[in-house]
Amino acid sequence: MTADWWRSAVIYQIYPKSFADANGDGIGDVAGIRTRLAYLADLGVDAVWVSPWYRSPDRDGGYDVEDFRQIDPRFGDVADVEALIRDAHKLGLRVIADIVPNHVSDQHPWIRAALATAPGSAEWSLFHAVAGRGHGGAEPPNDWLSVFGGSAWDPILNAAGQPTGFWYLHLFDATQPDLNWEHAAVRAEFEDILRFWFDRGLDGFRIDVATSLIKAPGYPDEHRAAGVEAGLSLEVVEGQPQWNRPGVHEIWRAWRRVADQYDPPRVFVGEVWADSPAGLAAYLRPDELHTVFNFDYMMCPWDADRLRAVVDASLSTAGLVGAPATWVLESHDKPRVRTRFALDAAGMDINDRSGPGDDVRGALRGRAATLFMLGLPGSAYLYQGQELGLREVWELPASVRQDPAFARTLGADGLRDGCRVPIPWTDEDPGCGFGPAGMSWLPMPSDWGAMSVARQDRSPVGVLALVRRALRLRRAEPALREGPMVWVAQEDRGVLVLRRDGGGAGDILVAMNCGEHPAHIAGGEILVASAAGIHAPDGGVLLPPDTAVWLRA
Ligand code: TEU
Ligand code: CA
């Protein structure tokens with residue numbers, strides 16, 4: 001494997017709480033991940049990215065970190081992670097962890113120390129403790145809203161529980177106070193945390209909310225447009241005083257210097273929502289982050305013209321600064337792709353919890369979308385269970401939901417638990433092989449076992465077989481590994497065909513039909529198809545709606 005492995009890597013996201021439970025307490029753990037590394041190597045991915053596993057009160061799925069140098073006891077300990085990294089490297093897999101620099105848990109020693117002092121103290125200077133407005137500072141300092149709903153400010157109380165007239169900033173949950181990145185101690189601490197893990201062999205970090213570390217001086221109001229209720233999604237707050245401030249780039253340059261001191265150099269992928277292509281490319285400059293997530297691709301509807309435009313824009317934006325594009329359809333924050341397209345096909349809203357939508361079409365489109373994504377040039381992400389074609393568990397009752405945004409918005413938002421249900425390894429009842437005791441921290445639906453790894457292992461037509469075959473081809477074929485792409489013009493509306501250049505090794509066509517009618521695609525042998533029954537009569541293939549295929553050119 002080469003030093004620039006990340007340019008074309010397929011990276012598998014593990015949400016540790018829900019991946020595999022070795023000790024039977026119903027919560028996934030590091031030992032569980034170790035037992036499944038062979039499965040991942042066989043699947044054919046190049047790396048894993050593990051969502052936060054640090055010591056945490058788990059008020060936001062571990063994105064509320066109490067100690068960045070400790071693994072949460074529910075997951076294991078540092079020695080377990082060191083063993084995981086060793087095992088993974090033996091199998092040729094890289095390991096990327098999550099790091100959460102914008103905020104800490106309210107149990108982190110820094111905020112506990114601050115709370116024992118009055119605002120204005122050295123301890124509070126590590127956070128954003130700001131005088132309120134109005135008489136006695138009774139009102140928040142400005143109009144900023146939490147991404148999870150409600151004000152981004154909560155009052156700082158004194159030891160007697162009385163308001164001090166000062167407020168602390170939390171762009172996310174109230175249990176996640178934002179750090180003050182103007183403070184040199186914050187910068188030094190995080191560079192030290194990077195080294196702590198890089199010294200243990202970690203290959204890189206996914207950087208949580210990489211846009212928000214610097215806030216506009218003086219905390220000006222953001223003057224949201226009337227009707228914009230809350231920072232429920234970062235899309236609506238782009239260009240505001242909390243996001244994408246120029247000063248944030250200095251931080252990533254410093255981190256890159258740390259990563260480049262290692263052999264091989266360690267890598268970063270930023271969670272970046274930017275308001276323009278140039279704004280996004282700024283994070284990808286050669287002395288900043290290696291890659292960023294592609295949310296435009298992730299959010300793109302089932303529409304060939306829009307998809308093509310997003311692919312072109314992604315390639316040209318990253319290309320401005322010589323970075324590879326990335327592609328992603330699922331994560332621990334977004335509805336499963338199958339259900340997103342199923343709801344869309346049924347004309348239902350993404351937050352509608354009244355039913356699965358048109359699941360037949362959703363399932364077809366989800367598999368096609370995953371195959372098409374894996375045929376694009378650059379690096380791609382698969383979220384655990386995407387390789388099984390799992391659906392969103394939309395029917396979870398309110399009583400089991402743990403997403404903090406669900407409570408903060410009284411159920412209007414914060415539905416992320418629906419993609420966080422533990423994944424099914426077998427069809428055994430109860431628990432689908434997630435752990436030895438049949439327990440799981442979120443309930444599994446009754447159709448879960450039918451989609452399990454064990455069940456699909458025996459099926460040549462399952463989503464698992466499709467993904468395995470695609471990943472094998474991606475490694476074997478120079479065209480898919482590093483070949484540039486061009487679009488191949490089509491007469492049929494709604495059909496996308498692109499050609500990957502394999503040089504002497506031969507070109508490959510990647511095609512998807514987002515239209516309403518079967519489309520004839522000129523090409524040779526079918527390498528892999530997203531659905532059964534796609535044939536290649538002489539001179540091409542008749543591609544049904546809602547399917548995708550890879551062909552020799
Ligand atoms: O997410 C940042 C973020 O803003 C997302 O929550 C997004 O806006 C939301 O999912 C819309 O659907 C990151 C993590 O991925 C997320 O899990 C954390 O909750 C959040 O940061 C806070 O650390
Ligand atoms: Ca466990």
Side-chain angles (χ1 to χ4, degrees), residues 13 15-36 49-54 56 58-65 71-77 80 98-105 145-149 152 170-179 206-213 230-238 240 242-244 269-273 292-293 295 298-299 328 330-335 340 350-351 381 383 392 402-406 408-409 412-420 422 431 434-441:
Q13 183 191 354
Y15 192 71
K17 222 171 149 180
S18 304
F19 185 66
D21 171 22
N23 68 354
D25 63 356
I27 297 168
D29 42 49
V30 178
I33 300 173
R34 285 182 70 192
T35 67
R36 302 295 181 181
W49 146 38
V50 189
S51 279
W53 46 18
Y54 312 105
S56 162
D58 195 23
R59 299 293 298 272
D60 180 25
Y63 284 91
D64 48 326
V65 179
I71 298 302
D72 195 277
R74 291 169 307 144
F75 295 142
D77 58 24
D80 290 328
D98 222 304
I99 192 161
V100 190
N102 180 70
H103 44 262
V104 293
S105 153
L145 294 172
S146 157
V147 173
F148 290 167
H170 58 85
L171 291 182
F172 293 87
D173 193 55
T175 64
Q176 293 166 300
D178 278 42
L179 288 167
R206 175 266 190 189
I207 306 171
D208 191 61
V209 223
T211 52
S212 58
L213 274 52
L232 289 183
S233 119
L234 294 185
E235 294 105 298
V236 302
V237 290
E238 287 296 354
Q240 298 300 304
Q242 320 88 319
W243 314 103
N244 294 304
V269 52
E271 192 201 13
V272 173
W273 301 74
V292 296
F293 283 102
F295 291 107
M298 190 179 204
M299 307 317 293
V328 59
E330 292 193 359
S331 78
H332 66 299
D333 285 335
K334 296 290 176 212
R340 179 158 66 87
I350 197 69
N351 281 353
Y381 287 82
Y383 174 56
E392 183 79 358
Q402 300 193 11
D403 184 341
F406 187 80
R408 285 183 71 87
T409 62
D413 200 49
L415 303 172
R416 296 178 298 171
D417 292 305
C419 66
R420 297 175 179 179
F434 172 60
M439 297 190 354
S440 71
W441 68 278

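Ligands are counted one by one from 1 in listed order, and the atoms in each one are counted from 1 as well.
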Colleague: Could you tell me how the ring of Tyr383 sits relative to the ring of His332: parallel (under 30°), tilted (30 to 60°) or perpendicular (over 60°)?
Modeller: tilted
Colleague: Using a strict cut-off of 4.0 Å, indicate which atoms of ligand 1 neighbour a heavy atom of Val209.
Modeller: 21 (O)
Colleague: Is ligand 1 less than 4.0 angstrom away from at least one heavy atom of Phe148?
Modeller: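 Yes; Phe148 lies near enough to ligand 1 that a heavy-atom distance drops under 4.0 Å.
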Colleague: Keeping to distances under 3.0 Å, can you name the protein N/O/S atoms close to the Ca ion (ligand 2)?
Modeller: Asp21 OD1, Asn23 OD1, Asp25 OD1, Ile27 O, Asp29 OD2
Colleague: Indicate the atoms forming the closest heavy-atom contact of Ser51 with Asp98, along with that distance.
Modeller: CA-OD2, 3.5 Å
Colleague: Check the pair Tyr54, Phe75 against ring pair (Phe, Tyr, Trp, His ring centres under 6.0 Å), reporting the backbone distance first and the verdict last.
Modeller: CA-CA 8 Å; Tyr54 312 105; Phe75 295 142; 9.7 Å; no
Colleague: Quick one: look at Asp208 and ligand 1, take heavy-atom pairs under 4.0 Å, and tell me if it's side chain, backbone, both or neither.
Modeller: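 Under 4.0 Å from ligand 1, Asp208 contributes side-chain atoms alone.
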Colleague: Is a side-chain N or O of Asp21 found less than 3.5 angstrom from the main chain of Asp25, in a donor-acceptor match?
Modeller: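 The answer is yes, because a donor-acceptor pair under 3.5 Å joins these two groups.
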Colleague: Taking only heavy atoms of Glu271 into account, list the atoms of ligand 1 that are under 4.0 Å away from them.
Modeller: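 Atoms satisfying the 4.0 Å criterion: 1 (O), 2 (C), 3 (C), 13 (C), 15 (O).
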Colleague: What are the atoms of ligand 1, with element, lying closer than 4.0 Å to any heavy atom of His103?
Modeller: 22 (C), 23 (O)
Colleague: Looking at OG1 of Thr175 and CG of Asp58, how far apart are the two atoms once the value is rounded to the nearest 0.5 Å?
Modeller: 10.0 Å
Colleague: Return the minimal non-hydrogen interatomic distance between Gly62 and Pro52, and the atom names on each side.
Modeller: O-CB, 3.2 Å
Colleague: Given 3.5 Å as the limit, does a donor-acceptor pair link the side chain of Arg420 with the main chain of Gln402, or not?
Modeller: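 Side chain of Arg420 to backbone of Gln402, a donor-acceptor pair under 3.5 Å: no, none is there.
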Colleague: Check ligand 1 against Arg416 and write out every atom of the ligand that is under 4.0 Å from a heavy-atom position of the residue.
Modeller: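 Those of ligand 1 that fall under 4.0 Å from Arg416 are 6 (O), 10 (O), 16 (C), 17 (O), 18 (C), 19 (O).
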Colleague: Taking only residues two or more places apart in sequence, or in another chain, which ones meet Arg416 in a side chain to side chain donor-acceptor pair (under 3.5 Å)?
Modeller: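 By the side chain to side chain donor-acceptor pair (under 3.5 Å) rule, Arg416 matches Asp60, Asp333, Asp403.
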Colleague: Using a 4.0 Å heavy-atom threshold (strictly under), name the region of Arg206 that reaches ligand 1: side chain, backbone, both or neither.
Modeller: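 Arg206 to ligand 1: side-chain contact only, backbone stays beyond 4.0 Å.
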Colleague: Counting only heavy atoms, tell me which of Leu171, Asp60, Leu415 gets closest to atom 18 (C) of ligand 1.
Modeller: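 Among Leu171, Asp60, Leu415, the closest heavy atom to atom 18 (C) of ligand 1 belongs to Asp60.
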Colleague: Counting from 1, what ligand 1 atoms have a heavy atom of Val147 closer than 4.0 Å?
Modeller: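 Taking each heavy atom of Val147 in turn, ligand 1 has 4 (O), 8 (O) under 4.0 Å.
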Colleague: Measure the CZ-NZ distance between Phe295 and Lys334 for me, rounded to the nearest 0.5 Å.
Modeller: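 One finds 7.0 Å between CZ of Phe295 and NZ of Lys334.
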Colleague: Hey, is Arg420 one of the residues with a heavy atom under 4.0 angstrom from ligand 1?
Modeller: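 Arg420 counts as a contact of ligand 1 under the 4.0 Å cut-off.
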Colleague: Relative to ligand 1, is Arg59 under 4.0 angstrom through side chain, backbone, both or neither, heavy atoms considered?
Modeller: neither
Colleague: Nearest 0.5 Å, please: how far is CH2 in Trp53 from CG in Asp29?
Modeller: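 That separation rounds to 12.0 Å.
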Colleague: Between Asp173 (side chain) and Asp64 (backbone), is there a donor-acceptor pair under 3.5 Å?
Modeller: no
